[in-house]
Every structure is written in structure tokens, then in C-alpha cells.
Amino acid sequence: MLQMNNEEIRKAADFFTQEIAKLAGNRSVRLMEVCGTHTVAIFKAGIRQLLPENVELVSGPGCPVCVTPNNYLDTAIAYSRKSDVMIATFGDMLKVPGSSSTLAAEKAQGADIRIVYSSLEGLELAKRYPNKKVIFLAVGFETTAPTAAAAVLMAEVEKITNFYLLSSHKLVPPALRALLSSGDSKVDGFLLPGHVSAMIGLAPYEFLSKEYNTPAVVAGFEPLDILQSVYMLLRQLDCGVAKVENQYRRIVPKEGNPAACEVLSTVYQAADAQWRGIGHLKKSGLAMQEKYQKFDALLNIPVAVEETKEAKGCQCGNVLRGLVLPAACPLFGKTCKPEHPIGSCMVSIEGTCAAWYKYGAGRWQV
């Protein structure tokens, strides 16, 4: 698909949009893209405008920053105030509001907070600053968790004793199960995340079709990938079948990445976890295996954390469940903007509200 010329791409896009319209007919169809990268790609390519009005795309809990709960931010902020602690974090996390502050505000007041691009950079900071307790903010899904696990294994081998993770890693399949079992999702099919699927393969999604009769397609990130994936979902719905299909076969093997999964299971085990907007989900997060708990910040570095509060009026929770569009939030585009985010969905470049605000071209105005 990537080798197609512009004329071939245009013809293919025409084919998929026409077939989608035929398959949808007069029925209303609601599809959820689970990955934040999909959300941005859909906006940038204008895919919503190519689809018939009765085929709706809604965003799900696929942005790692967005689903990280407030109490995690409050804990990270509390750690940043300790003089012997250095926080290593991805840049997106700096602007996410906690209950009363942000990491950016704490950094401005002198907290030792370093922006890194990987957990291994956090480990390098620990080597360079042996007098500091370096805490890496480990957020994200099955895509990033193996790299954090690899950093822990490396710290173990190199006997680094001042490197810790504050883990809020999440697992995608349990969140999809929670959405479908809640009874209020009204999702007819899923565009599954290509990056996560490259790690875990197709098997963990089988329950979507077998237990909930809901079609699902692992989708790539090019505009044609997404159009084809929507077409594949409509085709399943039209035929009255539900299965897990793989549109992104050029990247996603059916079995995933066994080596990455092995690293993950060596360091972590499934554990209950709190999701912003979705709640407490069983076996939806990752906790360290006993052998590696010496790298767990919460278990080794005491800290007092303020009482967690949610921003009044913020609808991030309902946006993450696909129940409302960002424009339905009374704060969206008014008091909540990218330069002054109130909810997490406005912070990350993969956040649903941020994408709607940046690429909505005014169509979200109410």
C-alpha cells in the first residue's frame, strides 16, 4: 500500500468510501478507534468528512497520558518535591494537571524533573547522579511497557540501586472488555491499535467477537489503512458476523512479539489498576514481580500524597469511554485549551480533545 502512487491512492480511497456508504445503507454505525495515533490520523486526513453521516467514529481509551488517573499525577508531584529525588518523564506528562499542581509548575519552582525519551535514558540519569533517587514515570500500554521492563533488567544486571519506576502501565484488552460490559458503550466495532497489537498479537482480542459479538480490525495508521479497516468492519456488520481481522499485516504478526512479551512477563504480572474515566479494572495494569520490587518507587520511597480531586465539569472520563464528543464538555475550547489544559485529553498530542481542538477547523464550535 505504501508503494502506491497518488492516482492509485485516490482510486483506492474512492473505492473504500463508496463501498462503506453502500454497506452502511441507512443504519447508524458507531465505531471506536482505540488508539490516540488513529485519532490524530483520522483528523489530519479528513476521514470523518469522507464517511457518510450515519457512520460515526468515536475515540476510546487509547491515549496513555489521558487514561492515567489524577492520583498518579499527585503521587509524582509529591515525589518531585523531595530533595533527594529526580523525576525522569516523557514531556507530555509535565502539563497534565494533578489535583492542585502540575509537574511543569513544580519544575518551575526548582524540582529536579528531567524530560527523557525512553526509560533507558532514565537509567542513564541514575548512573550519572548516584546521590539521587531517579524515578521514571512509567506510563503507557503494552507498547512501552517492555522497554521499561528492559530498563529494570539492565539495572539488575548492572547493580544500579537508585533507579525506580512509578508504574501506571495499562493493558488494552481489559479496558475494551470493561467498555462492552458496561452496557452504555453502544460501540458496533473496534479499530484496534496497531502498535499494541504488534506486541500482543491477535489472540488477546478474541473475546470481543466470541463473548460480545463485536467485530474488530487491527488497523494501520495511513489514511488508506483506516479507510480499509472501516470498510472491513462494515463488511462484517453487513454479513452479520463478528471476528478479529488484521488489516495491518505488514507490521502486525498474528502471534505478536514473543520476545517483548517474555521480557514483560519476566518483570511484571497483571494487576488491578485505576483508569481515568473508566474506574478500577481487574487485571488491567502491571505490577512488578517480587524479584524486581526493589525497583518499585511506591514500595521503597515513602511519600505523603494530597487528597485527589477531579476538575469540576471536566468530561474526560466520558470522552474516553466514547459516550460524548469533546464539544459536549462545557470546558472544551473555553477554559480548557492546549495552552491551558484542564483535562488530560487536552494535554497529549494523542488526546482526543487536543486533536479535536487542533484539527477540528472550527467544526467543534458550539
Working for side-chain contact (heavy atoms from CB on, under 4.5 Å), residues Leu31 and Val58 | CA-CA 6 Å; Leu31 307 176; Val58 296; over 6 Å; no
Do Arg276 and Tyr72 meet the cation-pi criteria used here (NZ or CZ under 6.0 Å from the six-membered ring centre, within 45° of the axis)?
->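 Pair Arg276/Tyr72 does not count as cation-pi.
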Could you measure the distance from the [atom1] atom of [X] to the [atom2] atom of [Y]? Nearest 0.5 Å is fine.
X: Ser229; Y: Glu33; atom1: OG; atom2: CD; answer: 11.5 Å
X: Leu227; Y: Leu51; atom1: CG; atom2: CG; answer: 6.5 Å
X: Ile135; Y: Thr89; atom1: CD1; atom2: OG1; answer: 11.5 Å
X: Glu121; Y: Leu123; atom1: CD; atom2: CG; answer: 11.0 Å
X: Glu158; Y: Leu153; atom1: CD; atom2: CG; answer: 11.5 Å
X: Leu233; Y: Gln236; atom1: CG; atom2: CD; answer: 6.0 Å

Pairwise side-chain contact, [X] with [Y], heavy-atom cut-off 4.5 Å (strictly under):
X: Cys345; Y: Leu320; result: yes
X: Leu192; Y: Leu208; result: yes
X: Val116; Y: Phe136; result: yes
X: Ser167; Y: Asp296; result: no
X: Ile226; Y: Phe221; result: no
X: Asp14; Y: Lys11; result: no
X: Met32; Y: Leu179; result: yes
X: Ser181; Y: Tyr212; result: yes

More than 12 heavy atoms of other residues, nucleotides or ligands under 6.0 Å from [atom1] of [X]: yes or no?
X: Lys243; atom1: NZ; value: no
X: Asn6; atom1: CG; value: no
X: Gln269; atom1: CD; value: yes
X: Glu7; atom1: CD; value: yes
X: Arg27; atom1: CZ; value: yes

State, without any angle test, whether [X] and [Y] hold a side-chain donor-acceptor pair at a distance under 3.5 Å.
X: Asn54; Y: Ser28; result: no
X: Ser100; Y: Glu306; result: yes
X: Asp225; Y: Gln247; result: yes
X: Ser168; Y: Lys170; result: yes

So which heavy atom on [X] is nearest to which on [Y], and how close?
X: Ser284; Y: Ala273; answer: OG-CB, 3.5 Å
X: Cys329; Y: Gly313; answer: SG-O, 3.8 Å
X: Val134; Y: Ala88; answer: CG1-CB, 4.3 Å
X: Gly351; Y: Cys66; answer: CA-SG, 3.6 Å

Short question: side chain of [X], backbone of [Y] - any donor-acceptor pair under 3.5 Å?
X: Lys82; Y: Pro302; value: yes
X: Thr144; Y: Val139; value: yes
X: Asn162; Y: Ala126; value: yes
X: Arg30; Y: Gly322; value: yes
X: Ser101; Y: Pro97; value: no
X: His38; Y: Ser59; value: no
X: His195; Y: Phe141; value: no
X: Asn246; Y: Val252; value: yes
X: Tyr79; Y: Ile301; value: yes
X: Gln289; Y: Ser265; value: yes

Under a 4.0 Å threshold between the charged nitrogen and the carboxylate oxygen, would [Y] count as salt-bridged to [X]?
X: Glu124; Y: Lys127; answer: yes
X: Arg48; Y: Glu56; answer: no
X: Asp112; Y: Lys133; answer: no

Salt bridge (charged side-chain N to carboxylate O under 4.0 Å, His left out) between Glu156 and Lys294, intermediate numbers included | CA-CA 10 Å; Glu156 172 78 353; Lys294 59 188 173 186; 2.9 Å; yes
Are [Y] and [X] connected in a single hydrophobic cluster, I mean Ile/Leu/Val/Met/Phe/Trp/Tyr linked by side-chain heavy atoms less than 4.5 Å apart?
X: Leu323; Y: Val187; answer: no
X: Leu176; Y: Leu286; answer: no
X: Val67; Y: Val40; answer: yes
X: Val241; Y: Val29; answer: no
X: Val96; Y: Trp275; answer: no

Do the rings of His169 and Tyr268 sit parallel, tilted or perpendicular, given the 30° and 60° boundaries?
->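 His169 vs Tyr268 ring planes: perpendicular.
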side-chain hydrogen bond (donor to acceptor under 3.5 Å, both in side chains) between Asn318 and Arg321, worked out | CA-CA 5 Å; Asn318 287 332; Arg321 288 188 291 159; 2.7 Å; yes
List the steps, then state whether side-chain hydrogen bond (donor to acceptor under 3.5 Å, both in side chains) holds for Ser197 with Tyr205.
-> CA-CA 9 Å; Ser197 305; Tyr205 302 118; 3.0 Å; yes
Report yes if the distance between the aromatic ring centroids of Phe295 and Tyr164 is under 6.0 Å, otherwise no.
->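 Distance test on ring centres: not under 6.0 Å, no.
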Assess whether side-chain hydrogen bond (donor to acceptor under 3.5 Å, both in side chains) is satisfied between Thr308 and Asn70, documenting all intermediate values.
-> CA-CA 7 Å; Thr308 294; Asn70 253 8; over 6 Å; no
Begin from the C-alpha positions of Met346 and Thr352 and carry the test side-chain contact (heavy atoms from CB on, under 4.5 Å) through to its verdict.
-> CA-CA 7 Å; Met346 189 61 90; Thr352 305; over 6 Å; no
Stepwise side-chain contact (heavy atoms from CB on, under 4.5 Å) check, Arg235 with Asp238 | CA-CA 5 Å; Arg235 195 173 54 185; Asp238 186 63; 5.6 Å; no
Show your reasoning for whether side-chain contact (heavy atoms from CB on, under 4.5 Å) applies to Val305 and Asn71.
-> CA-CA 8 Å; Val305 182; Asn71 64 349; 6.0 Å; no
